[in-house]
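I have placed the structure first, in the form of structure tokens, so that the comments after it can refer back to it.
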Amino acid sequence: MRKIVLSAAIATVAALSFAAPSQAGGYGYNGYHQQYCFIKKMKSYDYYGNLVIKKIRICK
């Protein structure tokens, strides 16, 4: 039983070590370089005292 678990762990580490470098290179917004966006609400009042809520999309 121990040999099966050990061989499965070694096979998993080997598979992940080959998969990691293929994920590293690349351009654009994939994987690690994905943009993070959220909506920010800004409250303000117009000339007549009415509440105006602006929704602004902010991406990082």
Would you mind listing every ring-ring contact (aromatic ring centres under 6.0 Å, His included) that reaches into residues 36-58, with sequence neighbours excluded?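 Only Y36-F38 qualify under ring-ring contact (aromatic ring centres under 6.0 Å, His included).
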Partner set under side-chain contact (heavy atoms from CB on, under 4.5 Å) for K54, not counting sequence neighbours: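 Once residues adjacent in sequence are excluded, the partners of K54 under the side-chain contact (heavy atoms from CB on, under 4.5 Å) criterion are M42.
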Rounded at 0.5 Å granularity, tell me how far CG in L51 sits from OG in S44.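 These two atoms lie 7.5 Å from each other.
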So, taking the atom named CZ in R57 and the one named NZ in K55, what distance separates them when rounded to the nearest 0.5 Å?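 Answer rounded to 0.5 Å: 13.5 Å.
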